[in-house]
Undergrad: 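Have a look at this one before I ask anything.
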Amino acid sequence: MSIVDEHYSQSDMFDEDIAADIALRRILQFRLDFWINICKNPVSHGNYYWNSSPEHRLIAMLAISAKLNQVPLRLIDINQNKDYFSVRMVRHLTYISERKIQRIIKMGVDRGDIIMINDRPPHYKGTKQLLNLYESYEKSWIDSQKK
């Protein structure tokens, strides 16, 4: 399937509906290629692991936000720092069980993508390794938008 249908003429490119259709087709094609690329990674690859569910993506983004000291204020308790996230935060943002949240975080710790900064109560943040992984992941998105 071509991004631009062959029956569109040059003058059609100025029609807002047709331009929106073309833009949508380009975005959908990019997203398909993007996810195919992620799925081609080995299961052990960070991009594959951290994109395996919405909860994985949420935890990775919270870990990166904590690493950058920018956890949103609405997620933290009064008088607390913005440099960590907790299982409690994730539990309030999703419907999965606490046990599953803990398993995802534990795997992140085992992978070296997340570190525990306090054990009572457990607080976590992302590592430079996770930040680097995210930067390369986002670079592919930015590069595709330039094209």
Side-chain angles (χ1 to χ4, degrees), residues 1-5 8 13 15-147:
M1 179 175 137
S2 165
I3 291 176
V4 179
D5 284 343
Y8 289 147
M13 299 305 156
D15 183 299
E16 286 184 25
D17 292 334
I18 293 173
D21 180 57
I22 293 168
L24 178 62
R25 287 171 185 253
R26 286 182 177 159
I27 290 168
L28 293 173
Q29 185 63 49
F30 165 75
R31 279 295 185 189
L32 177 60
D33 293 341
F34 187 73
W35 288 109
I36 288 171
N37 186 39
I38 287 175
C39 289
K40 285 183 178 180
N41 286 319
V43 177
S44 61
H45 193 278
N47 280 340
Y48 189 96
Y49 180 75
W50 290 114
N51 284 290
S52 59
S53 76
E55 292 81 14
H56 284 78
R57 287 190 292 275
L58 174 66
I59 291 169
M61 291 309 303
L62 284 171
I64 291 168
S65 293
K67 170 76 176 160
L68 299 175
N69 196 25
Q70 62 181 33
V71 173
L73 292 175
R74 70 181 185 279
L75 299 179
I76 62 176
D77 295 327
I78 297 172
N79 300 326
Q80 299 210 346
N81 295 328
K82 297 189 304 183
D83 67 344
Y84 69 84
F85 76 98
S86 66
V87 171
R88 182 171 163 237
M89 285 180 188
V90 180
R91 194 175 58 231
H92 289 303
L93 296 170
T94 185
Y95 293 107
I96 64 170
S97 70
E98 185 168 325
R99 186 173 176 192
K100 184 170 181 182
I101 295 167
Q102 290 171 340
R103 280 195 316 254
I104 294 170
I105 292 172
K106 182 183 181 321
M107 179 62 91
V109 169
D110 292 347
R111 295 175 51 80
D113 293 335
I114 295 176
I115 57 171
M116 181 185 288
I117 58 172
N118 187 14
D119 63 349
R120 298 230 177 221
H123 295 150
Y124 306 93
K125 72 178 354 178
T127 63
K128 181 69 173 163
Q129 175 178 300
L130 181 61
L131 185 58
N132 290 341
L133 179 72
Y134 182 76
E135 286 174 344
S136 67
Y137 173 79
E138 284 301 309
K139 184 177 182 324
S140 66
W141 170 260
I142 293 166
D143 290 347
S144 73
Q145 296 305 302
K146 289 178 184 176
K147 295 176 186 176

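Not measured: the values here are computed from a predicted model.
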Undergrad: Can you tell me how far CZ of Arg88 sits from CG of Leu75, rounded to the nearest 0.5 angstrom?
TA: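 Leu75 atom CG to Arg88 atom CZ measures 10.5 Å (nearest 0.5 Å).
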Undergrad: If we only count heavy atoms from C-beta on, is the Asn132 to Thr127 side-chain gap below 4.5 Å?
TA: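 Sidechains of Thr127 and Asn132: no contact.
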Undergrad: Say you draw a straight line from CD of Gln129 to CG of Asp113; how long is it, rounded to the nearest 0.5 Å?
TA: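 Answer rounded to 0.5 Å: 4.5 Å.
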Undergrad: Is the shortest side-chain heavy-atom distance between Ile101 and Ile105 below 4.5 Å?
TA: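 Side chain of Ile101 against side chain of Ile105, heavy atoms only: contact under 4.5 Å found.
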Undergrad: What do you reckon, is CE of Met116 surrounded by more than 12 foreign heavy atoms closer than 6.0 Å?
TA: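 Counting other residues, nucleotides and ligands, CE of Met116 exceeds 12 neighbours.
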Undergrad: Return the minimal non-hydrogen interatomic distance between Ser86 and Pro122, and the atom names on each side.
TA: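 What the structure gives for the nearest pair is CB-O, 3.8 Å.
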Undergrad: Which distance, rounded to the nearest 0.5 Å, do you find between the OG1 of Thr94 and the NZ of Lys100?
TA: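 Taking OG1 in Thr94 and NZ in Lys100, the distance rounds to 8.5 Å.
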Undergrad: Can you list the steps and then say if Ser53 with Glu55 is a side chain to side chain donor-acceptor pair (under 3.5 Å)?
TA: CA-CA 5 Å; Ser53 76; Glu55 292 81 14; 3.3 Å; yes
Undergrad: Does Arg111 have more than 12 heavy atoms from other residues, nucleotides or ligands lying within 6.0 Å of its CZ?
TA: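 Atom CZ in Arg111 is crowded, with more than 12 foreign heavy atoms closer than 6.0 Å.
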Undergrad: With a 4.5 Å cut-off on side-chain heavy atoms, are Ile115 and Val109 touching?
TA: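 A side-chain contact under 4.5 Å is absent here.
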Undergrad: State, yes or no, whether a side-chain contact exists between Asn51 and His56 at a heavy-atom distance under 4.5 Å.
TA: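 Not touching, per the 4.5 Å side-chain cut-off.
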Undergrad: Do Tyr124 and Asn118 make a side-chain contact, defined as non-hydrogen atoms from C-beta onward lying under 4.5 Å apart?
TA: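 Counting from C-beta outward, Tyr124 and Asn118 never come under 4.5 Å.
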Undergrad: Is there side-chain contact between Val43 and Tyr49, with heavy atoms separated by less than 4.5 Å?
TA: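 They are not in contact (no side-chain heavy atoms under 4.5 Å apart), so the answer is no.
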Undergrad: Side-chain contact, heavy-atom cut-off 4.5 Å: Asn47 with Asn37?
TA: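 They are not in contact (no side-chain heavy atoms under 4.5 Å apart), so the answer is no.
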Undergrad: Might you work through the side-chain contact (heavy atoms from CB on, under 4.5 Å) test for Tyr84 and Ile76, ending with a clear yes or no?
TA: CA-CA 9 Å; Tyr84 69 84; Ile76 62 176; 5.8 Å; no
Undergrad: For Ile104, which of Leu58, Val90, Ile96 qualifies under side-chain contact (heavy atoms from CB on, under 4.5 Å)?
TA: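 Result for side-chain contact (heavy atoms from CB on, under 4.5 Å) with Ile104: Ile96.
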Undergrad: In Å, rounded to the nearest 0.5 Å, how long is the span from NE2 of His123 to CE of Met89?
TA: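 The CE atom of Met89 is 7.0 Å from NE2 of His123, to the nearest 0.5 Å.
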Undergrad: Does a side-chain heavy-atom distance below 4.5 Å link Leu133 with His45?
TA: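 Leu133 vs His45: side chains touch.
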Undergrad: List, one per line, each side-chain donor-acceptor pair under 3.5 Å for residues 65-73, sequence neighbours excluded.
TA:
{"residue": "Ser65", "atom": "OG", "partner": "Met61", "partner atom": "O", "Å": "2.9"}
{"residue": "Asn69", "atom": "OD1", "partner": "Asp83", "partner atom": "N", "Å": "3.3"}

Undergrad: Could you list the residues that satisfy side-chain contact (heavy atoms from CB on, under 4.5 Å) with Ala63, not counting sequence neighbours?
TA: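 Applying side-chain contact (heavy atoms from CB on, under 4.5 Å) to Ala63 gives Phe85, Ile114, Leu130.
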